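Below, chains carry the letters A, B, ... as their sequence lines are ordered, and counting in each starts from 1. Here the structure is a predicted model, which is why all the values come from computation and not from measurement. Computed from heavy atoms alone, side chains included, the values below leave out hydrogens, waters and symmetry copies.
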Amino acid sequence: MPEEFHPRSAAALRVGPLKRGALGKTPDSEWELFERAQILAGKSLSAVARQLGRRTPRNLMGHKGWVGELLESALGAAAGSAPEPDFPVLGVELKTIPVTRDGRPRESTYVCTAPLIDNVSVRWKTSLVHRKLQRVLWIPIEAEPSVPLPVRRIGTALLWSPSAQEEQRLKRDWEELMELICMGELDQLRAHRGDCLQIRPKAANGQSLTTAIGQAGERIRTLPRGFYLRPSFTEAILREHFLIAT
DNA sequence: CCTTGATCATGC
DNA sequence: GCATGATCAAGG
């Protein structure tokens, strides 16, 4: 059996330096993925970037996805833009989540593109939202504006699956939102809809257009949309598993 | 302070 | 253009 498949001791997990080549290797199991994430806990973004041979930008303006991409590389996620979880074989989606000093999410969490056409046969359980949220490796990232990006720290990872109740809430929202899409009610498809899951524009700019269905069933051009998790939902996830003062 | 709507970068 | 990675910024 290859050496890298052996469990490591708890002591090694806490204080051991990263083995040469450890960063970026694709994990073969969920356990191995989680262990790699644990090793990153407490490290600064610039430290991880340095070990990967990457430069750390001064800030995120013009580099909005930099943190997520850094963690993808560090954990060996399959790079690319395929509409599937980051670790397809494991069925695990990786999400970095910017948090305040209190550990509360600063932003909503993008899930996936909202399908505006050819979606009539899609059910909750066959939806991309469902597939991506079945198993998520949440990695909180320190995101206080007063803390310079390079010294912001990576938090303790959380491997999460929705509870039955959480899944019901997601399913209800998904069905309500998809109903509007299928009925051509894009005017009513606004971000205020949805208890925990919402739909918002997801586009390069306001001129971006994609095809959707209008009220008369005709094809129309509209802004591309994406599914997002509300911060209140992700905050509850973190709070259930970590101790967060209220 | 929070939410909604808008936007930035990258690969194909 | 579409999918990924998200954060920005105006207004309530």
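- Residues A:L189 and A:H63 both approach DNA chain B. Their nearest nucleotides, taken by heavy-atom distance, put A:L189 toward the 5′ side.
- Checked against C:dC2, B:dT4, C:dA6, the side chain of A:A191 finds its nearest nucleotide in B:dT4.
- Atom CD of A:Q188 is separated from atom C1' of B:dT4 by 17 Å (rounded to the nearest Å).
- Side-chain atoms of A:H192 lie closest to B:dT4 of the nucleotides C:dT4, B:dT4, C:dA6.
- For A:Q198 and B:dT3, the shortest distance from a side-chain N or O to OP1 or OP2 is not below 4.0 Å.
- The interatomic distance linking A:R101 (CZ) with B:dC1 (P) rounds to 12 Å, in whole Å.
- Residue-level contact check: A:P201 touches the bases, meaning some heavy atom is under 4.0 Å from a base atom.
- By the 6.0 Å contact criterion, CD on A:E218 is enclosed, its count of non-hydrogen atoms from other residues, nucleotides or ligands being greater than 12.
- Non-hydrogen atoms lying under 4.0 Å from DNA chain B are contributed by nothing in residues 165-175 of chain A.
- In plain terms, the two heavy atoms of A:P105 and A:P231 that are nearest each other are CG-O, 3.9 Å.
- By the 4.5 Å heavy-atom criterion applied to side chains, A:I220 and A:I213 are not counted as neighbours.
- Residue A:K95 places at least one side-chain N or O closer than 4.0 Å to OP1 or OP2 of C:dG5.
- At B:dC1, none of the side-chain N or O atoms of A:R106 fall inside 4.0 Å of OP1 or OP2 (strictly under the cut-off).
- Two residues are said to be in side-chain contact when any heavy atoms from C-beta on lie closer than 4.5 Å; A:L229 and A:L133 meet this criterion.
- For A:S81, the side-chain atoms get nearest to C:dT4 when compared with the rest of C:dT4, B:dG5, C:dA6.
- Using modelled atom types and a 3.5 Å distance limit, the side chains of A:R106 and A:T100 yield no donor-acceptor pair.
- For the pair A:R54 and A:S73, the minimum side-chain heavy-atom distance is below 4.5 Å.
- Residue A:K132 has a polar side-chain atom (N or O) positioned under 4.0 Å from OP1 or OP2 of C:dT4.
- When heavy atoms are screened at a 4.0 angstrom cut-off, A:R190 is found touching the sugar-phosphate backbone but no base atom.
- Residue A:T210 places at least one side-chain N or O closer than 4.0 Å to OP1 or OP2 of C:dC2.
- The nearest whole Å value for the distance from the CG atom in A:N205 to the C1' atom in B:dG5 is 13 Å.
- Here A:K171 does not pair with A:E167 in a salt bridge; the nearest charged N to carboxylate O distance is not below 4.0 Å.
- Nearest approach of A:S146 to A:R101, heavy atoms of both residues: OG-NH2, 4.1 Å.
- Residue contacts for A:E93: at a heavy-atom cut-off of 4.0 Å it reaches the sugar-phosphate backbone alone, with no base atom in range.
- The interatomic distance linking A:K202 (NZ) with C:dA3 (P) rounds to 11 Å, in whole Å.
- Backbone-only contact: A:G68 has heavy atoms under 4.0 Å from sugar-phosphate atoms and none from a base.
- What separates CG of A:L186 from P of B:dG5 is a distance of 13 Å, to the nearest Å.
- Residues A:I141 and A:I97 form no side-chain contact, since every pair of their non-hydrogen atoms from C-beta on lies 4.5 Å or further apart.
- At the phosphate of B:dC2, neither OP1 nor OP2 sits under 4.0 Å from any side-chain N or O atom of A:R230.
- No more than 12 heavy atoms of other residues, nucleotides or ligands lie within 6.0 Å of CZ in A:R153, so this atom counts as exposed by the packing criterion.
- Across every non-hydrogen atom of A:L189 and A:R225, the tightest pair is O-NH1, 3.7 Å.
- The base of C:dA3 has none of its N or O atoms less than 3.5 Å from a complementary donor or acceptor on the side chain of A:Y110.
- Regarding A:N59, its CG atom lies at a distance of 12 Å from the C1' atom of B:dC8, rounded to whole Å.
- Of the candidates C:dT7, B:dT7, C:dT4, B:dT7 carries the atom nearest the A:A203 side chain, counting heavy atoms from C-beta on.
- For the pair A:T96 and C:dG5, the criterion of a side-chain N or O lying under 4.0 Å from OP1 or OP2 is not met.
- Following rounding to the nearest Å, A:L223 (CG) and C:dA3 (P) show an atom-to-atom distance of 14 Å.
- Distance from the side chain of A:P231 is smallest to B:dT3 among C:dT7, C:dA6, B:dT3.
- There is a side-chain donor-acceptor pair under 3.5 Å between A:R221 and A:T211.
- Distance A:E107 CD to B:dT7 C1': 12 Å, rounded to the nearest Å.
- Rotation axes derived from the C1' atoms of the five outermost pairs at either end of the helix from B:dC1-C:dG12 to B:dC12-C:dG1 lie 30° apart, to the nearest 10°.
- Judged by closest nucleotide on DNA chain C, A:T211 is the one of A:T211 and A:Y228 placed further toward the 5' end.
- When distances are taken from the side chain of A:L60 to each of B:dC2, C:dG5, C:dT7, the shortest belongs to C:dT7.
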